[in-house]
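In what follows, every chain begins at residue 1, and chains take the letters A, B, ... in the order their sequences are listed.
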There are 2 protein chains.
Amino acid sequence: MKATSPLRKAPPLRADAARNRERILAAAEEVFLELGADASLEEVARRAEVGIGTLYRRFPTREDLLAAANNERLLAMAEDSRTREAALDPAASMRAFVVELVHHARHYRGLATSIGAVLHSGTPGCDACSEEGKRLLERAQKAGAIRKDVSFDDIVCVVTAVSLAVEQDASPQARITHLVDVFLGGIETH
Amino acid sequence: MKATSPLRKAPPLRADAARNRERILAAAEEVFLELGADASLEEVARRAEVGIGTLYRRFPTREDLLAAANNERLLAMAEDSRTREAALDPAASMRAFVVELVHHARHYRGLATSIGAVLHSGTPGCDACSEEGKRLLERAQKAGAIRKDVSFDDIVCVVTAVSLAVEQDASPQARITHLVDVFLGGIETH
DNA sequence: ACCTGAACACCGTTCAAGT
DNA sequence: ACCTGAACACCGTTCAAGT
């Protein structure tokens with residue numbers, strides 16, 4: 001067997017291809033921050049100094065690019081949540097997790113709409129987040145702190161709702177906590 | 001004073017203009033049903049047999065058109081809710097109202113994303129809906145059935161969340177009631 | 001294997017000319 | 001007052017040619 005086989009199917013990129021991938025990702029971060037998540041892909045390619053075809057070859061759909069561009073941040077978030085976990089009770093960790101995800105969705109305009117898709121993209125970062133979220137949910141449910149008929153998809157739903165609401169009225173910090181409170185209030189067992 | 005002055009500012013359309021307006025609205029309904037709420041406006045103009053400029057003159061933004069296209073349906077919905085109200089207790093009427101709105105948002109693909117904006121557009125139908133919703137909410141709050149710190153905007157938020165979730169996984173009827181249950185569970189006082 | 005960019009089809013929006 | 005449609009600027013996506 002070979003030396004490096006990450007998980008399974010991962011055709012190891014040729015050196016120049018790998019470099020281009022990084023350039024695209026960096027450009028995407030820049031452009032999305034500036035113009036929003038629905039910015040022109042041609043602009044991204046332009047800024048990465050790469051042919052538009054190269055971008056499409058690596059990221060066939062816009063969502064693929066969006067997911068990849070958010071990978072590292074999601075990875076870090078999952079990690080943070082894990083270290084935070086010990087200090088908080090089950091319900092509180094879940095809340096913190098949701099609030100963090102909402103913050104993440106606010107990283108640039110237009111991300112909120114796709115946050116559900118991004119969270120289902122299969123990226124390492126997204127998988128780490130899902131696992132962490134599911135673990136927190138199960139823990140809270142076993143502790144009797146959250147209703148048993150609630151799924152992780154329901155949580156994603158809450159995150160999307162809050163993110164979208166916050167994005168639309170450009171609301172202040174306060175509205176986030178209020179909405180999380182309202183939505184999670186129904187999930188937590190009284 | 002004149003004979004017909006609807007409410008206030010309403011520059012009475014010239015006959016041909018009014019007719020064009022109707023044609024555009026009818027075409028929009030058709031096209032949105034077929035292609036989704038993000039369909040091409042040129043296609044709408046084409047189908048209405050009207051110059052694209054005419055469409056823009058009457059509906060400067062896509063959201064204007066979307067709101068106008070949903071006016072009648074929202075009007076009917078508010079009316080239905082009012083007649084239903086007597087038969088249900090405060091919490092149940094609120095739930096029924098939310099479920100109806102979600103159904104409305106499912107009328108065509110892509111409407112869910114804009115349902116919040118549509119509900120704030122100032123169209124007669126949208127105003128009727130807002131009024132009805134606010135009345136139901138207040139009633140439920142006075143009856144002690146729903147938390148007092150919940151606003152109508154929060155309700156719109158719930159509607160958006162559920163609609164989007166349902167639209168994304170093309171979920172069955174069951175998921176709607178589940179999500180409404182989860183979200184409103186937190187709003188109703190236990 | 002990978003990169004490039006021209007080519008194609010399409011869209012949103014404006015505005016001068018016309019009734 | 002209103003309508004029309006050409007004109008402009010832009011975008012997504014594909015694919016033949018090139019390394």
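With sequence neighbours left out, B/Phe59 forms a ring pair (Phe, Tyr, Trp, His ring centres under 6.0 Å) with no residue at all. Partners of A/Tyr56 by ring pair (Phe, Tyr, Trp, His ring centres under 6.0 Å), not counting sequence neighbours: none found. Residues passing the side-chain contact (heavy atoms from CB on, under 4.5 Å) test with B/Arg19 are B/Arg23, sequence neighbours excluded.
A salt bridge links A/Lys142 to A/Glu138: at least one charged side-chain nitrogen sits closer than 4.0 Å to a carboxylate oxygen. Salt-bridge annotation for A/Glu132 and A/Arg135: present, with a side-chain N of the basic residue lying under 4.0 Å from a carboxylate O of the acidic one.
For residues 65-74 of chain B, every residue pair satisfying the salt bridge (charged side-chain N to carboxylate O under 4.0 Å, His left out) rule, not counting sequence neighbours, is listed here: B/Glu29-B/Arg73.
In this structure, A/Arg58 reaches the sugar-phosphate backbone alone: every heavy-atom distance under 4.0 Å involves primed, P, OP1 or OP2 atoms, never a base. At a threshold of 4.0 angstrom between heavy atoms, the contacts of B/Thr54 include nucleobase atoms, whether or not backbone atoms are also involved.
Summarising the geometry, atom CD belonging to B/Glu34 is positioned 11.0 Å from atom CZ belonging to B/Arg109; distances are rounded to the nearest 0.5 Å.
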Secondary structure of DNA chain D in dot-bracket form (Watson-Crick or G-U wobble, distances below 3.5 Å, | marking inter-strand pairs): ||.|||||...|||||.||

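Heavy-atom distances to DNA chain C give each of A/Glu42 and A/Arg57 a nearest nucleotide, and the one nearer the 5′ end belongs to A/Arg57. Mapping B/Asp38 and A/Ala18 onto DNA chain C via the closest heavy atom, the residue that lands nearer the 5' end is A/Ala18. The nearest heavy atom of DNA chain D to B/Glu49 and to B/Arg14 marks one nucleotide each, and the one closer to the 5' end goes with B/Arg14.
For DNA chain C, the outermost nucleotides in 5' to 3' order that have an atom under 4.0 Å from a heavy atom of chain A are C/dA1 to C/dA6.
With A/Glu167 contributing its side chain and A/Gly110 its backbone, the two residues share a donor-acceptor pair below 3.5 Å.
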